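Both ligands and their constituent atoms are indexed starting at 1 by order of listing. Note that the structure is predicted; figures quoted are calculated from it, not measured. Heads up: numbering here begins at 1 and tracks the sequence.
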Amino acid sequence: MPNDLNQLETALAAYPRVALLEGPTPIQKLSRLSRLPELHGCNLYVKRDDLMGLGGGGNKLRKLEFLLGEALAEGADTLVTWGGFQSNHARLTAAVAARHGLACELILTPSAVRGDDDFCHNGNVLLDGLFGAKVHRLPLGSTPDSYAAQLLSALGSQGKKPFLIPLGGSSPRGSLGYAACAGEILRQADALGVQFERIIIPNGSAGTHSGLQAGLALARSSTEIIGYSVLATEEQTTATTLEKTRETLQLLDPSATLLESAINVDGSQRGDAYGAPTESMLEAVRLLASVEGLLTDPVYGGKAFAGLLAAVRRGDYPAGSNLLFVMTGGLPGLFAYRSAFN
Ligand SMILES: *Cc1c(COP(=O)(O)O)cnc(C)c1O
């Protein structure tokens, strides 16, 4: 092993974890896309974190492995979380609760920029109901955290033991799922004989970015990460990601330090708002689908892949660069955005 993976894997083993994946997700080369002249000889690869069996899969399952471990260790019987109507995290929390015989209460907030029937009732929110979750739909402008506090005390007084999972599952414990993924990627890269210069990801609640960054730091890898922020501004996301990476690293090695310059966030792809479609997102989703037969979502993966395409087309990466895009799932979101693709 070229990287120091033992320390990372030993540190991760100290935290309770429930397996929710079938095993490592594949890394595949985008052979047809990489041959397009406009991509200047870069080798594009994808880490298929959309390929997981439970609940439709996606990046939140890696965080939920550690969050469910924490919840069960505390004797919880009900998972509570919040997100938007089209939250993939809420949908996967509901699926995990169903699989493990726990109750699930979801607090969902509407979008200021999308209000059509598909957005409000199809995609993820349709699946939440199938998984048996109790859905609390809040009106526009209400605060999910104060609603969650009330719900927790109400559940407690009914004799239940609720466990609150924060937005996107991005607590330091949740982020450990992506620290583990960093180790998985380094092992796979070694087996493939490929050195990745960059890992490209969407950044929403920053847990995916923080976990990967913490894992790579602990393994002393030279691979860099770039996160395309889709929720907050570049500046806010950089600050949040730095703080969360340090907190995650703290769980793994209290003596580890991290420079602010290690965090690389690009805010150019967000568009007008979280969840607001952009022209470059639509083009990126269509290109990946039509050239490789692969599906990305309109809120996260589509925007991050658009950022990767823009950087490669501009010539930011020399020919022969090996670039790994993490496919984070979110397929149900496409059905909520039918009108955007018309
Ligand atoms: C939540 C989510 C992300 C972003 O992950 P964070 O850890 O919240 O930054 C990316 N892609 C999809 C499909 C998601 O559901």
Assess the side chains of [X] and [Y]: does a donor N or O sit below 3.5 Å from an acceptor N or O?
X: S280; Y: Q269; answer: yes
X: Y178; Y: D49; answer: yes
X: Q213; Y: K244; answer: no

Could you pull out every N or O of ligand 1 that sits under 3.5 Å from a protein N or O, with the distance for each pair?
from	atom 1	to	atom 2	distance (Å)
ligand 1	5 (O)	N59	ND2	3.0
ligand 1	5 (O)	T208	OG1	3.2
ligand 1	7 (O)	K63	NZ	2.5
ligand 1	7 (O)	G207	N	3.3
ligand 1	7 (O)	T208	N	2.9
ligand 1	7 (O)	T208	OG1	2.7
ligand 1	8 (O)	S205	N	2.8
ligand 1	8 (O)	S205	OG	2.5
ligand 1	9 (O)	G204	N	2.7
ligand 1	9 (O)	S205	N	3.2
ligand 1	9 (O)	A206	N	3.0
ligand 1	11 (N)	T328	OG1	2.6
ligand 1	15 (O)	K60	NZ	2.9
ligand 1	15 (O)	N88	ND2	2.8

Determine yes or no for a side-chain-to-main-chain donor-acceptor pair under 3.5 angstrom, with E22 supplying the side chain and G53 the backbone.
->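 Yes, E22 side chain to G53 backbone: donor-acceptor pair under 3.5 Å.
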Check: R48 and I27 side chains under 4.5 Å, non-hydrogen atoms |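 Sidechains of R48 and I27: no contact.
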Hydrophobic cluster of Y317, others only, ordered by chain and residue number, side-chain cut-off 4.5 Å =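 Listed partners: L30, L33, L36, L39, L44, V46, I200, I226, Y228, L287, L288, V291, L294, F305, L308, L309, V312, L323, F325, M327.
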